[in-house]
Protein chains: 2
Amino acid sequence: METKIKSTAIFNGKVIRVTKDEVKTDNGITAVRECVYANGGVAILAFIEKKLLLVKQYRYVVGEETIEIPAGKIELGEDLKLCALRELEEETGYGAKQIEKIISFYPTPGFCGEELHIFLAQQLYKLPHPKAMDEDECIEVMLIDPNEAYQMIQQGIIKDSKTIIAIQQALLEQWKGETSC
Amino acid sequence: METKIKSTAIFNGKVIRVTKDEVKTDNGITAVRECVYANGGVAILAFIEKKLLLVKQYRYVVGEETIEIPAGKIELGEDLKLCALRELEEETGYGAKQIEKIISFYPTPGFCGEELHIFLAQQLYKLPHPKAMDEDECIEVMLIDPNEAYQMIQQGIIKDSKTIIAIQQALLEQWKGETSC
């Protein structure tokens with residue numbers, strides 16, 4: 001346990017909030033904790049004809065294109081399932097008849113309070129008029145065999161935490177997806 | 001691709017650096033990117049008599065105790081393998097005769113540039129006089145069967161990204177560890 005002594009607001013952005021806190025640890029030490037908070041996000045594991053639905057996009061902060069499962073930020077008060085369906089639609093143009101949460105996790109609990117939630121979407125179908133993605137997003141949809149995706153993790157081509165967790169989970173649980181409608 | 005137009009320094013801490021950048025996207029939009037940078041870290045997947053070596057500690061920013069594989073921040077210019085051995089020693093009191101990198105990944109490429117590197121440590125041995133951990137760290141060492149650890153992920157007891165990735169990888173590759181010396 002660590003008890004807050006003092007919290008100093010550093011930054012209140014659109015995506016993140018940063019504070020610098022002074023805490024007292026269980027062994028009586030006073031320590032500084034730099035903290036990043038974000039609304040949290042959802043990510044969607046989905047298959048189209050036994051292939052993983054992935055998206056490629058440029059990620060400015062790491063300076064490269066990444067291959068990820070579709071994902072997005074939770075809007076304030078938004079239901080997580082509806083958020084997952086919204087992001088799936090905006091990023092890929094697909095809808096899903098079934099969606100359930102499979103894993104929630106902390107990407108970086110050392111300094112970031114954000115929690116991500118991975119959903120398994122099933123019974124996918126192409127939407128005739130999908131909602132557009134955010135105007136500052138440029139996203140390319142990809143379909144990749146799960147075993148090939150696993151090799152891409154080992155080769156350092158897929159490097160995003162939620163995507164690695166989802167692919168590994170799919171292989172361990174032998175989810176292979178269903179034919180889309 | 002996104003091109004930097006302007007970068008504003010927000011915070012230069014001990015662990016993180018934060019900037020707010022203005023970028024031009026490929027489709028000609030000007031967008032804001034809030035960026036968190038950190039030195040990066042290493043994490044160690046290790047077995048003692050076929051059980052996973054884990055550590056439990058309080059993580060202030062998420063407000064709870066987490067169960068994680070041993071890990072720590074890379075010091076400036078530090079060799080990654082030596083960093084992994086140092087963190088293994090400080091957090092658990094163990095040394096390893098063999099250590100190799102298995103996966104590098106980005107926990108949160110949406111807003112954080114940090115990269116983590118997971119190492120597989122083999123041929124573990126108890127060190128007679130291990131280096132002490134940082135004075136603001138309170139860490140409890142745990143040994144857990146890998147299949148039980150996988151169940152703990154499904155139950156939401158293990159929630160840390162690097163730990164989930166390492167456990168899933170160990171199960172997929174059927175790494176079971178060796179008897180410690």
Side-chain angles (χ1 to χ4, degrees), chain A residues 1-2 4 10-11 13-16 18 20-21 23 25-27 29 31-38 41 58-63 65-66 68 71 73 102-116 135-138 150 153-154 156 159-162 164-165 168-169 171-172, chain B residues 1-2 4 10-11 13-16 18 20-21 23 25-27 29 31-38 41 58-63 65-66 68 71 73 102-116 135-138 150 153-154 156 159-162 164-165 168-169 171-172:
Chain A
M1 185 65 189
E2 294 181 354
K4 187 191 295 182
I10 302 285
F11 178 61
K14 214 180 138 204
V15 176
I16 56 167
V18 181
K20 184 176 169 182
D21 292 11
V23 304
T25 67
D26 266 347
N27 52 6
I29 302 286
V32 171
R33 299 286 176 243
E34 298 169 10
C35 302
V36 178
Y37 299 96
Y58 187 79
R59 290 297 202 176
Y60 175 76
V61 77
V62 296
E65 276 191 329
T66 61
E68 305 178 22
K73 292 184 284 290
I102 52 169
I103 289 186
S104 295
F105 72 99
Y106 298 125
T108 326
F111 61 78
C112 182
E114 193 188 35
E115 190 174 7
L116 296 183
E135 67 166 11
D136 65 351
E137 287 184 315
C138 302
Y150 183 71
I153 298 169
Q154 312 313 314
K159 292 188 68 173
D160 167 55
S161 68
K162 62 186 175 296
I164 297 174
I165 290 171
Q168 289 177 326
Q169 182 79 5
L171 291 172
L172 284 164
Chain B
M1 183 67 187
E2 295 180 354
K4 187 190 296 183
I10 301 287
F11 178 61
K14 214 180 137 203
V15 177
I16 57 167
V18 180
K20 185 177 169 182
D21 293 10
V23 304
T25 67
D26 266 347
N27 51 7
I29 301 285
V32 171
R33 299 287 176 242
E34 298 169 8
C35 302
V36 178
Y37 299 95
Y58 187 79
R59 290 296 202 177
Y60 176 76
V61 76
V62 296
E65 276 191 328
T66 60
E68 305 179 22
K73 292 183 285 290
I102 52 169
I103 289 187
S104 296
F105 72 100
Y106 298 125
T108 326
F111 61 78
C112 182
E114 193 186 36
E115 190 173 9
L116 296 184
E135 67 165 13
D136 64 351
E137 287 184 315
C138 303
Y150 183 71
I153 297 169
Q154 311 313 315
K159 292 188 69 174
D160 168 55
S161 68
K162 62 186 175 295
I164 297 173
I165 289 171
Q168 289 179 326
Q169 182 79 5
L171 291 171
L172 284 164

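Just so we're on the same page: letters track the sequence lines, and every chain starts at 1. Everything quoted here is computed from the prediction, not taken from an experiment.
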**Request:** Under 4.5 Å heavy-atom distance to chain A, tell me which part of B:V36 shows up: side chain, backbone, both or neither.
**Result:** both
**Complete:** Taking every heavy atom of B:Q168 against every heavy atom of A:I103, the minimum-distance pair comes out as NE2-CD1, 4.2 Å
**Request:** Go through the steps to decide whether B:Y58 and A:D26 satisfy the test side-chain hydrogen bond (donor to acceptor under 3.5 Å, both in side chains), and finish with yes or no.
**Result:** CA-CA 9 Å; B:Y58 187 79; A:D26 266 347; over 6 Å; no
**Prompt:** If you count heavy-atom pairs under 4.5 Å between each of B:T108, B:L171, B:D21, B:V32 and chain A, which one has the most?
**Reply:** B:D21
**Item:** Per-residue contact mode, B:I16 against chain A (heavy atom under 4.5 angstrom)
**Value:** both
**Fill in**
For A:V62, the side chain to side chain contact (heavy atoms under 4.5 Å, CB included) test, sequence neighbours excluded, returns A:R59, A:E64, A:T66, B:Y106, B:P109
**Message:** Between A:V23 and chain B, with a heavy-atom cut-off of 4.5 Å, which part of the residue counts as in contact: side chain, backbone, both or neither?
**Reply:** side chain
**Prompt:** Out of curiosity, A:S161 OG to B:K162 NZ, how far, rounded to the nearest 0.5 Å?
**Reply:** 11.0 Å
**Message:** Please classify the contact of B:V18 with chain A as side chain, backbone, both or neither, using a heavy-atom distance under 4.5 Å.
**Reply:** side chain
**Prompt:** Do B:F105 and A:D160 have side-chain heavy atoms sitting under 4.5 Å apart?
**Reply:** no
**Request:** Could you check A:V61 against B:F111 for side chain to side chain contact (heavy atoms under 4.5 Å, CB included), going step by step and ending with a plain yes or no?
**Result:** CA-CA 6 Å; A:V61 77; B:F111 61 78; 5.6 Å; no
**Asked** So which of B:L172, B:T25, B:I153 has the largest heavy-atom pair count under 4.5 angstrom toward chain A?
**Response** B:L172
**Item:** Contact origin within B:A71 toward chain A - heavy atom pairs under 4.5 Å
**Value:** neither
**Item:** Structural part of B:C35 lying under 4.5 Å from a heavy atom of chain A
**Value:** both
**Message:** As an exercise: rank B:E34, B:E68, B:E65, B:K73 by heavy-atom pairs under 4.5 Å with chain A and give me the winner.
**Reply:** B:E34
**Item:** Max heavy-atom pair count under 4.5 Å with chain B, selected residue of A:G63, A:G110, A:G156
**Value:** A:G110
**Message:** Shorter than 4.5 Å, heavy atoms on both sides: which option in A:A31, A:G41, A:C112, A:S104 has the most such pairs with chain B?
**Reply:** A:C112
